[in-house]
There are 2 protein chains.
Amino acid sequence: MQSRKSKQRELVLKVLTGTRSHPDAEWLYEQARKEMPGISLGTVYRNLRLLKARGEIQEILSGTSGSRYDATVDNHYHLRCLSCGSVHDIDVPVREDINAEVEHATGFSISHHHLEFHGLCPSCRPGTPLSQSINLQG
Amino acid sequence: MQSRKSKQRELVLKVLTGTRSHPDAEWLYEQARKEMPGISLGTVYRNLRLLKARGEIQEILSGTSGSRYDATVDNHYHLRCLSCGSVHDIDVPVREDINAEVEHATGFSISHHHLEFHGLCPSCRPGTPLSQSINLQG
DNA sequence: GTACATGCAAATGATTTGCGTTCTT
DNA sequence: AAGAACGCAAATCATTTGCATGTAC
């Protein structure tokens with residue numbers, strides 16, 4: 001937990017906070033480079049891990065390709081387009097009550113839950129093949 | 001979709017169906033080898049991918065380490081222990097209604113959702129460190 | 001001054017893939 | 001016979017890490 005301040009860490013967080021998309025490490029690296037050309041990809045990864053451990057950002061797992069990251073702090077749900085791969089935040093009430101329900105049913109002590117919806121975004125409805133566009137801006 | 005039968009594929013599915021744990025590819029490979037020593041890890045991966053594409057099995061993503069797999073076909077939720085990493089199925093009613101809710105709220109057409117709970121399993125309560133046991137049997 | 005953070009490059013580890021061969025239909 | 005699927009090993013790709021140096025406190 002003892003971590004010092006660093007320009008690089010602040011920049012990574014700033015870049016991530018500054019977008020509504022849910023970018024991967026590579027994209028964050030490219031953006032960060034624009035402002036600090038010397039920053040390294042390793043440092044981006046190191047800081048993403050640290051920020052996640054601190055609870056300041058969230059990691060969104062993905063089977064293929066790399067993880068996406070999200071700087072939104074409050075609990076919320078995600079929506080992923082099966083065609084273009086974009087990830088969006090959803091403005092739907094979080095069901096905190098189900099944690100207690102699961103605690104009683106299982107004997108675990110639940111700290112949180114992740115809910116992700118999969119479907120097709122409006123632009124992909126017609127049946128756009130996956131390869132056509134990987135849209136990070138959502 | 002044109003896929004032929006193969007002893008290897010049947011075996012991988014049999015092994016996965018035969019356990020209530022949610023093993024990774026390596027574990028499935030080791031088990032499969034007991035019955036068919038010549039099977040290769042690449043084949044296990046190939047078949048896991050094919051079976052998943054067919055909808056016969058499910059992939060459980062995990063940030064660190066490899067994916068876990070689940071042969072349970074009907075929709076259900078997962079519970080992961082933050083300490084030992086074990087994954088369990090939960091017997092809690094699936095909320096199909098929230099798909100429609102999200103469709104209306106977002107304009108996406110939702111096909112399904114994934115819900116995963118994180119917490120500590122009864123055996124890990126005291127505060128067992130992560131490294132002590134990676135329990136695949138749950 | 002201490003020890004955390006960085007840049008760089010090499011290493012890791014899960015998963016995929018190319019290729020020649022074997023099996024299913 | 002055609003082309004799936006296999007075994008094997010090399011390749012890929014995201015992410016991690018060792019090391020020497022820089023920097024925050």
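The sequence lines fix the lettering, A, B, ..., with proteins before strands; numbering per chain opens at 1.
- Note on A:Y45: every side-chain N or O is 4.0 Å or more away from OP1 and OP2 of D:dT16.
- OP1 or OP2 of D:dG7 sits under 4.0 Å from a side-chain N or O of B:T43.
- The shortest distance between the side-chain N/O atoms of A:R49 and the OP1/OP2 oxygens of D:dT15 is not below 4.0 Å.
- Between A:N47 and the choices A:Q8, A:E10, A:R9, the side-chain hydrogen bond (donor to acceptor under 3.5 Å, both in side chains) rule is met once, by A:R9.
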Go through the steps for B:L115 and A:H113 under the test side-chain contact (heavy atoms from CB on, under 4.5 Å), then give the verdict. CA-CA 7 Å; B:L115 176 53; A:H113 65 260; 3.7 Å; yes
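- A close approach under 4.0 Å does occur between a side-chain nitrogen or oxygen of B:S40 and OP1 or OP2 of D:dG7.
- Per the geometry, CG belonging to A:L41 stands 10 Å off P belonging to D:dA14, to the nearest Å.
- At whole-Å resolution of the value, CZ in A:R33 and P in C:dG7 are 11 Å apart.
- In terms of position along DNA chain C, the nucleotide closest to A:Y29 lies nearer the 5' end than the nucleotide closest to the other residue of the pair B:R46 and A:Y29.
- For A:R4 against C:dA3, a side-chain-to-base donor-acceptor contact under 3.5 Å is present.
- Across all strands shown, A:R9 has heavy atoms under 4.0 Å from sugar-phosphate atoms exclusively, and none from any base.
- Between A:S6 and C:dC4 there is no side-chain N or O to OP1 or OP2 distance below 4.0 Å.
- A:F108 and B:C121 get closest at one heavy-atom pair: CZ-CB, 3.2 Å.
- Ring centroid separation for the pair A:H22 and A:H78 comes in under the 6.0 Å cut-off.
- Side-chain nitrogen and oxygen atoms of A:S67 include none within less than 4.0 Å of the OP1 or OP2 phosphate oxygen of D:dA14.
- For B:Q2 and D:dA4, the shortest distance from a side-chain N or O to OP1 or OP2 is below 4.0 Å.
- One atom, CG of B:N47, and another, C1' of D:dA5, lie 8 Å apart when rounded to the nearest Å.
- Closest approach of B:R68 and B:G85 over heavy atoms only: NH2-O, 2.9 Å.
- When distances are taken from the side chain of A:Q8 to each of C:dC19, C:dA5, C:dG7, the shortest belongs to C:dG7.
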